> 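This is the structure, below, for whatever I ask next.
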Amino acid sequence: MKRLWIALALLVVLFSGGLAHSLWTQQFTQQLSGQLLQARQEADAGRWESAEMLTHSVETQWEARSLYLHIMFRHNSLDAIHSELAQAETYLAHKAAEEYAASLSRLVTQLDCLSHDEALTLANIL
Amino acid sequence: MAATVIAFVRTLILYLLIIIGIRLLGKRQVGELEPSELVVALIIADLAAVPMQDFGIPLLFGVIPILTLLALTLLLSMLSLRSVRFRTLLWGRPSVIVENGKLHQRELARNRLTVDELMEELRMQGITDLASIKYAILETSGQLSVLPYASQKPPTAQVMGIDPPENGLPLVLISDGRVMEHNLKLRGYDQNWLNKQLRRHGVKSPKEVYLLTANEQGTVYFAPKEEDL
């Protein structure tokens with residue numbers, strides 16, 4: 001009887017853990033995407049300091065969760081986002097508005113993909 | 001160097017996980033796998049191999065499916081223990097292939113067992129004549145149990161009216177030079193008894209003994225260690 005409950009508990013933990021991770025990913029990526037879009041608007045308006053602050057904030061949040069992200073996601077997706085963030089920082093330093101905007105768009109798309117890959121949808125299951 | 005260490009640690013984790021999992025499933029699964037359990041064992045092996053080799057994949061991508069499979073197998077095993085109906089649904093029923101020497105061709109076909117395979121199985125069990133079989137049953141594990149007619153069975157001591165002594169289980173008291181203290185106590189002997197046995201067989205120390213066993217009747221089996229071992 002004990003083994004039955006252990007097995008059931010394990011299944012529940014795995015399923016609910018997966019769901020919690022999926023929700024967290026959605027929330028986290030939306031938050032970062034929001035900040036990146038805001039940074040783009042700031043850069044478009046010529047407010048580079050504000051754009052820099054927002055981009056740094058995204059990078060800091062990304063680095064702070066690096067271990068968790070590496071435990072939970074395919075490393076090549078994370079590496080792509082990491083290098084794109086570094087690229088955006090470079091464009092920001094040179095105040096290259098168009099390249100910066102393009103880089104931020106790519107980042108938002110990559111974050112969206114990350115979130116979609118983790119969502120509990122029929123498309124992902126099939 | 002780092003990749004080597006990662007491979008080592010990942011392999012260690014996955015190996016331990018599988019060992020713990022298989023241990024949790026119980027002894028029965030190790031010895032005689034049901035078809036579905038065999039499938040689980042094969043899938044687990046494959047699941048473990050991928051994150052062991054590809055470091056770009058998180059370890060959890062291997063661990064979570066393995067844990068899920070183990071939990072499901074455990075759950076189904078426990079449910080089939082509790083419910084006969086569920087057990088039948090999951091594992092099927094044993095099929096009577098031969099009854100009173102008569103071959104059930106429909107059952108053979110239903111189990112996709114050819115006559116050649118049946119004859120091979122029977123020969124492996126020392127039976128060549130179908131007419132000597134009372135029952136041949138294809139178990140859910142895929143093994144064939146053959147029950148010959150009573151007249152075809154070898155006679156037992158009881159049938160022959162003999163009362164042989166019951167020797168019981170022999171316990172190992174010395175194994176490769178090491179004294180098994182627990183077994184010695186269990187058998188009700190002490191160090192003095194052991195020393196006496198060693199002297200009787202012409203050795204001075206347990207280190208010179210390869211194997212020493214004693215059954216419930218006190219009969220001792222002694223094998224000295226060979227010189228070059």
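By convention in this document, chain letters (A, B, ...) are assigned in the order of the sequence lines, proteins followed by strands, and residues within each chain are numbered from 1. Here the structure is a predicted model, which is why all the values come from computation and not from measurement. Note that these values count all heavy atoms, side chains included, but never hydrogens, waters or copies made by symmetry.
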> Within residues 41-51 of chain A, which residues come under 4.5 Å of chain B, heavy atom to heavy atom?
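Listed by number: none.
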
> Below 4.5 Å from any heavy atom of chain B, which atoms of L8(A) appear? Answer side chain, backbone, both or neither.
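Both parts, heavy atoms under 4.5 Å.
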
> Please round to the nearest 0.5 Å and tell me the distance separating atom NE2 of H70(A) and atom CG of L60(B).
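If we round to the nearest 0.5 Å, H70(A):NE2 and L60(B):CG are 13.5 Å apart.
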
> Sort out for me which of D79(A), L78(A), N76(A), L11(A) touches chain B most, counting heavy-atom pairs under 4.5 Å.
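Ranked by heavy-atom pairs under 4.5 Å with chain B, first place is L11(A).
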
> For chain B, which residues from residues 105-121 of chain A have at least one heavy atom closer than 4.5 Å to it?
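If one takes a 4.5 Å heavy-atom cut-off, no residue of residues 105-121 of chain A lies near chain B.
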
> Can I get a per-line list of side-chain donor-acceptor pairs under 3.5 Å for residues 31-38 of chain A, giving both atom names and the distance, sequence neighbours left out?
{"from": "Q31(A)", "atom 1": "NE2", "to": "Q61(A)", "atom 2": "OE1", "distance (Å)": "2.8"}
{"from": "S33(A)", "atom 1": "OG", "to": "T29(A)", "atom 2": "O", "distance (Å)": "2.9"}
{"from": "Q35(A)", "atom 1": "OE1", "to": "Q61(A)", "atom 2": "NE2", "distance (Å)": "2.8"}

> With rounding to the nearest 0.5 angstrom, report the CG to CG distance, L4(A) to L74(B).
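Going from CG on L4(A) over to CG on L74(B), the span is 8.0 Å.
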
> Got a sec, which pairs hit side chain to side chain donor-acceptor pair (under 3.5 Å) with one end in residues 86-99 of chain A, sequence neighbours left out?
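Qualifying pairs: H56(A)-E89(A), Q87(A)-Y91(A).
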
> With a 6.0 Å cut-off (strictly less than), is the heavy-atom count around CH2 of W5(A), excluding the residue itself, greater than 12?
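Not more than 12 within 6.0 Å, no.
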
> Side chain, backbone, both or neither: which part of F15(A) has an atom under 4.5 Å from a heavy atom of chain B?
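No part of F15(A) comes within 4.5 Å of chain B.
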
> Looking at CG of L81(B) and CZ of R3(A), how far apart are the two atoms once the value is rounded to the nearest 0.5 Å?
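One finds 10.0 Å between CG of L81(B) and CZ of R3(A).
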
> Once rounded to the nearest 0.5 Å, what's the spacing between atom OG1 of T68(B) and atom CG of L10(A)?
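These two atoms lie 7.0 Å from each other.
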
> Where the side chain of H75(A) meets the backbone of I57(B), is there a donor-acceptor pair that is under 3.5 Å apart?
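Pair absent, no side-chain N/O of H75(A) close to backbone of I57(B).
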
> So which atom in A71(B) and which in A7(A) form the shortest heavy-atom distance, rounded to 0.1 Å?
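Heavy atoms only, the tightest pair is O-CB, 3.4 Å.
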
